Amino acid sequence: MANGWTLARQWIEFAGFRVVAAIAAAIPLETASGLSGWFWRQIAPHLRRHRRALESLAIAYPEKSLAERERIAVEMWENLGRTFAEFFHLKRITAENRLTLQAPERFEAIAKGGPFIVCGLHMGNWELLSQPALRLGIPLAGVYQALTNPLVDKWLLKQRAPLYPGGLFDKSPSTARALLRLARDGGSPAFLADLRAGNGAIAPFFGRPAKSNPFPALIARTLGRPLFAARVLRKAGVRFEMRIEPVDVPVSDDRDADVRAATANIQARLEEFVREAPEQWMWTHRRWD
């Protein structure tokens, strides 16, 4: 149970967050996105996580110069700053059709094909990943990482809940069972599959072994569901483009081997997306051991 100082700190943090949120929401969309991107671009390169981003870029792009990796990292911070401010304008972004679909007929075919599994990544503005499903009447279920401040976490969860009418589940041991049950009942779970999974399957990512979440592949292989990978790419003028691609799920007498292969196929698709626009992917998390 939190002590008095911890509770006070949480309320102070929450109050500060709500002030920033109110200011961001009150400013016009393009202005809020641009200012937040500029601010993060100026401040974040001086923080500790910038070093981690450069280390990750050195692993992924050893052929690039330090100056080029620095440029990618700085532009990454701008993208993250823009994504932060745009969160408070999601209703306007969707109402103004600022998200276009690459090969829209593919999305329509997927919707008509029944339940599926989809994996996204922290690229562009990933908060928009559920929008095509909402347009097509598909109640996606999502997974989120709970924040350390429960007040901020509760507020953000309330904002995100309408984006995932199939339910939002925090990362916990019980979530895997809940999502498998949901998928068995005809639901369509969505995952952000680009983060390191401590006990995950080893899959190549930028030519290096990376512990990756095998659960999306496990559900797809166990239930015979189609598996897809998707990304949102930032374009000029606070506009975005979404692309979705199928992921092959082998079926053999060895289910575990099939899951490992499908997990590797997911990561290959995600790497393909990152290589499209490396400055739009979040390099700050530890992807490799």
Side-chain angles (χ1 to χ4, degrees), residues 2 6 9-10 13-14 16-18 20-21 36 40 44 47-49 52-53 56 76-77 79-88 90 117-131 133 140-183 187-201 203 205 210-219 229-232 263 266-267 270 273-274 280-289:
T6 300
R9 178 176 54 80
Q10 289 173 351
E13 289 175 351
F14 180 59
F17 172 79
R18 288 303 308 274
V20 172
S36 184
W40 282 50
L47 304 179
R48 185 174 56 184
R49 281 188 173 269
R52 180 181 291 177
S56 296
M76 172 206 69
W77 287 120
N79 181 72
L80 290 175
R82 285 179 175 274
T83 299
F84 172 78
E86 289 159 3
F87 179 83
F88 308 105
L90 286 179
I117 316 298
V118 62
C119 295
L121 73 168
H122 294 84
M123 181 175 178
N125 187 330
W126 59 90
E127 299 285 359
L128 299 171
L129 280 165
S130 66
Q131 289 305 313
L140 279 187
V143 181
Y144 74 98
Q145 178 68 58
L147 301 179
T148 55
N149 187 314
L151 300 172
V152 177
D153 184 66
K154 182 179 179 181
W155 189 88
L156 287 173
L157 182 60
K158 184 178 179 181
Q159 310 308 309
R160 287 193 174 107
L163 304 177
Y164 293 91
L168 264 177
F169 301 82
D170 67 326
K171 289 185 178 179
S172 67
S174 62
T175 292
R177 294 189 296 271
L179 286 174
L180 181 58
R181 187 164 53 248
L182 180 143
S188 295
F191 301 87
L192 288 171
D194 57 333
L195 298 180
R196 179 181 180 276
N199 296 317
F205 191 66
K211 292 181 179 178
S212 306
N213 184 1
F215 194 56
L218 176 64
I219 298 178
R231 64 94 174 108
V232 174
T263 300
I266 293 170
Q267 296 305 312
L270 299 185
F273 293 156
V274 174
Q280 294 192 28
W281 188 57
M282 192 166 65
W283 294 94
T284 55
H285 53 258
R286 185 162 60 94
R287 190 64 185 90
W288 301 273
D289 289 333

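Only this structure's heavy atoms are used, side chains among them; waters, hydrogens and symmetry mates stay out. In this text, all values refer to a predicted model and were calculated from it rather than measured experimentally.
- No side-chain donor-acceptor contact under 3.5 Å links S212 to the backbone of G200.
- Applying the side chain to side chain contact (heavy atoms under 4.5 Å, CB included) criterion to A146, with sequence neighbours excluded, gives Y144, D153.
- The salt bridge (charged side-chain N to carboxylate O under 4.0 Å, His left out) check on R52 picks up nothing, with sequence neighbours excluded.
- Applying the side chain to side chain donor-acceptor pair (under 3.5 Å) rule to R49 yields no partners; only residues at least two apart in sequence or on another chain are considered.
- Rounded to the nearest 0.5 Å, atoms CG (L168) and OG1 (T175) are 10.5 Å apart.
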Taking distance alone, no hydrogens or angles, what donor-acceptor pairs closer than 3.5 Å link side-chain atoms of residues 154-163 to residues at least two apart or in another chain?
from, atom 1, to, atom 2, distance (Å)
Q159, NE2, W155, O, 3.4
R160, NE, E127, OE1, 3.2
R160, NE, E127, OE2, 3.2
R160, NH2, E127, OE2, 2.6

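- Within the 4.5 Å cutoff, side-chain heavy atoms of K171 are placed close to those of V143.
- For L182, the side chain to side chain contact (heavy atoms under 4.5 Å, CB included) partners two or more places apart in sequence, or in a different chain, are A141, F169, P189.
- Qualifying side chain to side chain donor-acceptor pair (under 3.5 Å) partners for T263, counting only residues two or more places apart in sequence or in other chains: none.
- In plain terms, the two heavy atoms of F215 and A176 that are nearest each other are CZ-O, 3.0 Å.
- Note that CD1 of I219 and CZ of F191 are 4.0 Å apart. Values are rounded to the nearest 0.5 Å.
- T284 is listed as a side-chain neighbour of M76, based on a closest heavy-atom distance under 4.5 Å.
- For the atom pair CD of E13 and CG of N149, the computed distance is 5.0 Å after rounding to the nearest 0.5 Å.
- Closest heavy-atom contact between L270 and L121: O-CD1, 3.9 Å.
- Within the 4.5 Å cutoff, side-chain heavy atoms of P216 are placed close to those of I266.
- Closest non-hydrogen pair, S36 versus F84, comes out as OG-CD2, 3.9 Å.
- The two residues L192 and H122 have their closest heavy-atom pair at CD1-NE2, 3.5 Å.
- Sorted by first and then second residue, the salt bridge (Lys or Arg N to Asp or Glu O under 4.0 Å) pairs involving residues 280-289 (not counting sequence neighbours) are R196-D289, K211-D289, R286-D289.
- Not counting sequence neighbours, the partners of F205 by the ring-ring contact (aromatic ring centres under 6.0 Å, His included) test are W281, W288.
- Checked against side chain to side chain contact (heavy atoms under 4.5 Å, CB included), S174 has the following partners two or more places apart in sequence or in another chain: S172, R177.
- Between L80 and M282 there is a side-chain heavy-atom pair separated by less than 4.5 Å.
- Of all heavy-atom pairs between W77 and A44, the closest is CD2-CB, 3.1 Å.
- Residues H285 and D194 come closest through the heavy atom pair NE2-O, 3.5 Å.
- The closest side-chain heavy-atom distance from V152 to F14 is below 4.5 Å.
- For A197, the side chain to side chain contact (heavy atoms under 4.5 Å, CB included) partners at least two apart in sequence or on another chain are N213.
- For the atom pair CG (L128) and CD (E86), the distance works out to 7.5 Å, reported to the nearest 0.5 Å.
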